[in-house]
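Contents: one structure, followed by commentary.
Numbering starts at 1 and runs along the sequence shown.
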Amino acid sequence: MEFRKNDLVTLEIEDCGIDGEGIGKADGFTVFVKDAVIGDTVTAKIIKAKKNYGYGRLMEVLKPSPYRVEPKCEFARQCGGCQLQALSYDQQLVFKTNKVKGHLERIGGFTDIPMEPIIGMDELFHYRNKAQFPVGRNKEGKIVTGFYAGRTHNIIENRDCALGVAENKEVLDRVIAHMEKYGIEPYNEATGKGLVRHVLIRYGYFTKEVMVCLILNGNKIPKEEQLVKSLCEIPGMTSITINVNKKHSNVILGEEIRLLWGQEYITDRIGDISYQISPLSFYQVNPMQTQKLYAKALEYADLHGQETVWDLYCGIGTISLFLAQKAKFVRGVEIVPAAIENAKENAKLNGLENTEFFVGKAEEVLPREYKKNGVYADVIVVDPPRKGCDETLLETMVEMNPDRIVYVSCDSATLARDLKYLPLSMIFFKTVPGPTEGSWLTSPINIRRMFSGTAFNRLLIRRMSTMELSSMIRTSPSSGCSSLCSKVPEPVYPSRRWIVFASIPVDSEALFAARPVGAARRMCSLNFLNTSMIPWVTVVFPVPGPPVSTMPFDAAAVRIAYSWTSSYWIPSSSAIPDTSTERSGLPLRCLSYQILRYR
């Protein structure tokens with residue numbers, strides 16, 4: 001059946017699109033319907049029809065989904081700010097988890113991803129510490145402010161957004177009243193005339209400080225003193241500024257800031273770190289979730305006080321200073337000069353002297369400093385914009401060979417794309433019957449086929465130097481590696497690195513059961529390995545278990561997989577013990593070491 005524009009269709013919503021729209025089918029024709037929820041049965045009007053799919057407007061909910069809830073905001077459907085308010089929060093978390101996983105699978109090519117549970121919010125509303133309200137006139141000629149309707153620049157009047165703080169309405173009421181009293185015109189996008197374009201409000205979630213910035217199509221607003229006096233009656237008012245933007249475009253902020261009253265910034269905190277925030281600063285808008293996010297980034301960075309860290313796309317130093325509490329030294333890179341000045345001031349504010357900041361593009365600064373000045377990194381943290389990382393930057397990160405890379409992403413699609421450039425060191429292991437000579441484990445898919453129905457795991461592992469390797473093998477016989485001492489070659493190439501997978505005395509069943517990366521990492525105290533630039537790698541892989549143990553299985557299969565470089569698993573009969581003679585109960589600890597060569 002062929003569907004046309006304005007046709008009415010009845011749909012059972014079976015899935016959810018990447019922007020939260022419901023997805024249903026009518027006679028095989030797929031329809032995307034905004035505001036429909038998985039589980040709904042709806043009537044929708046086709047507003048745009050392609051050959052095999054179309055877009056529909058929700059006309060009526062015939063049978064509501066068990067996941068459907070009443071939106072807190074009365075403008076939720078018209079406003080372009082929220083897409084999921086009609087969906088229960090627990091199902092919102094499911095949707096977001098599936099969205100990230102879907103991007104990693106479809107775009108990144110990753111499969112069987114051991115994702116940790118999503119970290120949700122405690123308070124769902126009135127959390128945003130920043131809001132930008134466009135100002136204009138409605139059809140009746142009244143001055144209005146609020147938010148744009150979806151995919152338009154039509155203002156939906158709303159001074160009390162459910163996501164924002166209560167102070168927003170108080171500020172907007174006073175600004176609009178001032179404009180009406182003194183005949184001040186709002187900006188008209190069509191003509192380029194009018195004065196007041198936007199009202200930007202920032203709020204210090206922990207300090208209760210308030211900032212108001214008026215974005216003007218001019219240099220000043222009439223009766224400034226009277227407006228300042230009115231705004232200063234709001235508790236917590238700290239900063240009142242004007243931002244000049246005379247460009248005929250939809251870019252909100254201009255470059256010039258003029259102080260009307262107070263100071264040019266407000267202060268807020270993330271954990272124990274204080275930050276000065278200006279009108280132009282990038283600062284996470286959800287303070288409670290930001291604390292959780294940065295704490296997780298700090299956990300994954302696994303800092304012990306001796307590491308050199310590079311923080312790319314550092315903004316005003318939010319993550320940089322958080323990391324500087326635990327690192328030996330942190331270098332940050334940001335393209336916006338004003339943000340770097342803020343970062344330096346924030347470092348002084350917190351008494352952190354182990355930081356350095358660079359102005360420039362991350363994809364230009366890091367390669368320059370690495371190739372010309374020989375800088376290195378134990379840990380690299382990236383927090384790029386939605387477009388993700390530049391390919392040149394990713395290549396440099398791989399060349400620098402850090403112990404760990406922590407990627408903080410605001411767009412899982414570009415995250416998945418970028419991860420294909422980064423070599424992911426993974427161990428897939430499982431006990432198998434007898435030696436595995438001749439087995440070519442060329443991809444995770446083949447590994448899953450070999451171990452069908454069995455448990456295998458992915459571990460994050462740590463790079464060890466030649467000195468550490470030799471010392472461990474010679475001085476720690478209880479580790480179980482002493483039996484391979486004669487088989488590990490001396491480092492004939494001193495400039496090249498050697499890798500060892502250290503013996504960890506933990507219960508083997510518990511280790512095999514620890515599927516999530518985080519659980520395995522905490523259990524084994526193992527970290528990230530990046531060996532993409534290492535031409536030769538020696539691997540010592542001991543079976544998990546007590547230092548002296550009789551193992552009930554014969555051998556282990558090990559695979560180190562990389563997402564972008566060719567690698568071979570080269571079984572060696574001289575390296576793998578003949579387990580057939582050890583089935584009677586002799587201690588079996590170190591099963592094999594392999595040499596991987598990279599083309």
Side-chain angles (χ1 to χ4, degrees), residues 103-104 107-110 294 296-303 306-315 317-320 322-324 327-335 355-426 460-463 496-497 499 517 527-535 537 560-567 598:
H103 282 155
L104 291 174
I107 301 173
F110 302 98
Y294 288 4
K296 188 61 66 174
L298 186 60
E299 174 192 339
Y300 287 166
D302 194 22
L303 303 175
Q306 301 302 316
E307 296 86 358
T308 296
V309 181
W310 278 82
D311 178 20
L312 309 177
Y313 311 96
C314 70
T318 47
I319 295 181
S320 303
F322 218 67
L323 298 171
K328 180 179 180 180
F329 202 84
V330 177
R331 294 182 171 93
V333 181
E334 173 58 50
I335 193 173
T355 60
E356 182 180 12
F357 295 97
F358 298 82
V359 176
K361 295 180 179 179
E363 61 268 24
E364 295 176 357
V365 173
L366 189 66
R368 180 191 71 212
E369 294 298 315
Y370 171 61
K371 294 175 181 177
K372 292 187 178 180
N373 299 325
V375 300
Y376 71 97
D378 298 300
V379 178
I380 294 177
V381 177
V382 292
D383 184 8
R386 293 185 181 278
K387 68 178 182 178
C389 296
D390 185 89
E391 186 174 344
T392 302
L393 175 63
L394 294 170
E395 291 173 354
T396 302
M397 288 163 58
V398 170
E399 288 181 31
M400 291 180 72
N401 192 26
D403 290 339
R404 287 171 295 285
I405 294 173
V406 180
Y407 194 129
V408 180
S409 172
C410 59
D411 190 320
S412 54
T414 54
L415 166 68
R417 180 203 67 198
D418 290 350
L419 289 182
K420 292 194 291 187
Y421 289 93
L422 301 176
L424 298 179
S425 301
M426 297 178 288
L460 302 177
I461 54 183
R462 184 168 82 90
R463 187 184 67 203
R496 293 174 177 173
R497 295 189 178 120
I499 306 299
V517 170
N527 302 317
F528 189 75
L529 169 70
N530 178 342
T531 58
S532 62
M533 305 308 294
I534 304 173
V537 181
I560 304 176
Y562 299 88
S563 62
W564 72 287
T565 185
S566 299
S567 62
Y598 297 83

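- For the atom pair CD of E307 and CG of L323, the computed distance is 10.5 Å after rounding to the nearest 0.5 Å.
- Of the residues listed (I319, D378, V381, T355), the one engaging V309 in a side chain to side chain contact (heavy atoms under 4.5 Å, CB included) is V381, and it is the only one.
- Shortest non-hydrogen contact noted between A327 and V330 is CB-CG2, 3.8 Å.
- In this structure, I107 CD1 and L419 CG are separated by 10.5 Å, a value rounded to the nearest 0.5 Å.
- Residues R386 and T414 approach most closely at O-OG1, 2.9 Å, considering heavy atoms.
- In this structure, Y407 OH and D418 CG are separated by 3.5 Å, a value rounded to the nearest 0.5 Å.
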Exercise. Between Y421 and V398, is a side chain to side chain contact (heavy atoms under 4.5 Å, CB included) present by the stated rule, with each step listed?
Worked result: CA-CA 8 Å; Y421 289 93; V398 170; 5.7 Å; no
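- Panel note: side chain D403, backbone V379; no donor-acceptor pair is recorded below 3.5 Å.
- Among all heavy-atom pairs drawn from L366 and L312, the shortest one is CD2-CD1, 3.8 Å.
- Once rounded to the nearest 0.5 Å, the distance linking OH of Y376 with OG1 of T308 reads 3.5 Å.
- Judged as a side chain to side chain donor-acceptor pair (under 3.5 Å), the pairs with a partner in residues 362-371 (not counting sequence neighbours) are, in order, E369-N373.
- Within the 3.5 Å criterion, the main-chain N or O of E356 finds no donor-acceptor partner in the side chain of R331.
- F357 approaches G317 most closely through the heavy-atom pair CE2-CA, 4.3 Å.
- For the pair P402 and M397, the tightest heavy-atom approach, listed with the atom from each and the gap, is CD-O, 3.2 Å.
- Of all the heavy atoms in S320 and C314, the pair that sits closest is OG-CB, 3.5 Å.
- Here K420 contributes atom NZ and L394 contributes atom CG; the two are 12.0 Å apart, rounded to the nearest 0.5 Å.
- Expressed to the nearest 0.5 Å, how far CG of L393 lies from OH of Y313 amounts to 4.5 Å.
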